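So the structure is just underneath, and the comments pick up after that.
Model, not experiment: these values are computed from the prediction. One-based numbering, in listed order, for ligands and for the atoms of each.
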Amino acid sequence: MTQLETLLAGWIPKQRWFGGKGAPIDHVAVEAQHPLITGEQGLRLLVVDVAQDGSFARYQVLLGSCPPGRLRSELSHAAIGECRLPESGETRTVYDAAHDPELTGRLLDRIADDDGTGPVRFRRLSETPVRTGLRSLVLTGEQSNTSLVYGEDYVLKTFRRLWPGRNPDLELTTTLAESPFVARPHGWIEADLTDQGRTVGTTLAMLQEYLRSATDGWVLAGTSVRDLYEGGHSAPESAGGDFSWEAQRLGSATASVHLDLASKLPTDVLTPQALRDLSTAMISRLHRATEEVPSLEPYAGTLRAAFDALAEVDSPLPVQRVHGDYHLGQVVRTDTGWVLLDFEGEPAVPVGERQRLSSPLRDVAGMLRSFDYAARHQLIGHTAEEELASLARAWARRNREAFCAGYAFAGGADPHKHETVLRAFEYDKAVYEVMYEAHNRPSWLRIPLDSIAALAG
Ligand SMILES: Nc1ncnc2c1ncn2[C@@H]1O[C@H](COP(=O)(O)OP(=O)(O)O)[C@@H](O)[C@H]1O
Ligand SMILES: O=P(O)(O)O[C@H]1O[C@H](CO)[C@@H](O[C@H]2O[C@H](CO)[C@@H](O)[C@H](O)[C@H]2O)[C@H](O)[C@H]1O
């Protein structure tokens, strides 16, 4: 490995966005590097291959560089190290350029210019001009990607794990551009990646309207849960921070987006064979998860029975493009209502698979799991964990019901009429979460495991 690759091999595993935390890194290789700014302060966009356990994943790194000893003090937390850069042989201090507004401002300038030439293409979506000269800040939070907020105007989401092709987030957000339930897209950045000998235009980042009045759904739900646990209440409905009205409105917003997607993009109905294939895919995921996380084993029988039941469903199952990784952290409440974000799907799954048509009940199941997460998360380490357990169940039940009612009210399929399908999707999401937490936040692994234990009775 070059000096730069060795530095990256030490730095990447510590990043929140790195999805391979469950296994050691065998090798790091810079697959492509695109210099975007040269000179005293450099910016290059790297595509980095990270090899683990016999397979590899590609990640995007925005690499800043400057002469040794010249890193500005406000960027010291973003330092990666000092190394000789491969092609110039120069020794430089390299750092995470996402934190340097003097460099990230250029990305916005080039989108504003609709600069579509060269190996990295910067595209503006509409005729509406993009404001430039804004300073960016990195959004903090539990993210799989890195989002930069420019002033109070835009969010540039840089995709970290790269899969060849157009990112579904860009594809679906542009399809829904006129919807009141989506933040308006303004542009994107793309470059070519090589995939099995083919050259594929690949989305690196998406520019979207910044919703300045937005509060994250996970934060809002968490406030309601905290109020319930700390306030000595006997039931969620009597607590001041009751969330059920918001949950109901969120259900309605979700149904509207599903109806919009179904009206603009292809739809289909699953054949009995396709339903069996879906069930088989869930069973394979369960096997993989059980191998990786043996504490799932006692519940494998119950989970398997739910997936087998899906294969036996005899009514037609309508499918369409869906969100694909729907949870409370993907929705924000603005002063006009709920807005859905992040149509990327599950970041660890290849793009082709994420673009497959699926049942909208999969998204419903994702959000139902999230209500469960919100209630359980604050039990971890709580001194009154045992006493609060039944309140947690009541909070989750009340908000799950409200969400389903809002969803059916706005014209979505009534979740209560599709219990078998919904249960299979919910169990599948919980199995996915077990792997997600094992790889990304091992201290949260208990949440999906406890839910599965409760679901399995
Ligand atoms: N357009 C936006 N306006 C305001 N906040 C946003 C916007 N986009 C994202 N956010 C905030 O950033 C968080 C993470 O964004 P998201 O697109 O879900 O990234 P990731 O795929 O990395 O999880 C969201 O939960 C939300 O709080
Ligand atoms: O938002 P992302 O696209 O990065 O989605 C991934 O990360 C999520 C965590 O941020 C993860 O969601 C899980 O944790 C949430 C709380 O942080 C919870 O609300 C969700 O229900 C739970 O699934 C998501 O699964 C993952 O793909």
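Under the 4.0 angstrom criterion for non-hydrogen atoms, K429 is in contact with ligand 2. A heavy-atom separation below 4.0 Å is found between E433 and ligand 2. Residue contacts with ligand 2: M367 is excluded, as none of its non-hydrogen atoms falls under 4.0 Å. The shell of residues lying under 4.0 angstrom from ligand 2, judged by heavy atoms, includes Q330.
When only interatomic distances are considered, the shortest N/O to N/O separation between Q330 and ligand 1 falls below 3.5 Å. Taking distance alone, with nitrogen or oxygen atoms compared against 3.5 Å, E344 stays at or beyond that limit from ligand 2. Among the atoms of W444, none of the N or O lies under 3.5 angstrom from an N or O of ligand 2. Looking at ligand 1, you'll find an N or O of D342 within less than 3.5 Å of one of its N or O atoms. Where the criterion is an N or O separation shorter than 3.5 Å, residue side chain and backbone included, E209 meets it with respect to ligand 1. For ligand 1, the polar-atom distance check against Q208 finds no nitrogen or oxygen pair separated by under 3.5 Å. The shortest N or O to N or O distance between Y436 and ligand 2 is below 3.5 Å.
Evaluated by nearest non-hydrogen atom to atom 9 (C) of ligand 1, the leading choice among L341, V149, V182, N145 is L341. Of the listed residues (V155, V339, T215, D325), the one carrying the non-hydrogen atom nearest atom 2 (C) of ligand 1 is V155. For atom 24 (C) of ligand 1, the candidate residues are S213, P185, G329; the nearest heavy-atom contact is made by G329. Heavy-atom proximity to atom 4 (C) of ligand 1, evaluated over F343, F159, W218, Y210, is greatest for Y210.
Atom CZ of R166 has more than 12 heavy atoms from other residues, nucleotides or ligands within 6.0 Å.
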* Please assess R441 against E437 for the test salt bridge (charged side-chain N to carboxylate O under 4.0 Å, His left out), listing each intermediate value before the final yes or no. => CA-CA 5 Å; R441 303 181 292 201; E437 301 302 358; 2.8 Å; yes
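With a 4.0 Å cut-off on non-hydrogen atoms, L211 touches ligand 1 through its backbone as well as its side chain.
The aromatic rings of W338 and F243 stand perpendicular to each other, their planes meeting at an angle above 60°, with 30° marking the opposite boundary.
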List the atom pairs, with distances to 0.1 Å, where a side-chain N or O of residues 290-300 and a protein N or O form a donor-acceptor pair under 3.5 Å, not counting sequence neighbours.
| from | atom 1 | to | atom 2 | distance (Å) |
| --- | --- | --- | --- | --- |
| T290 | OG1 | L286 | O | 2.6 |
| E292 | OE1 | H439 | NE2 | 2.7 |

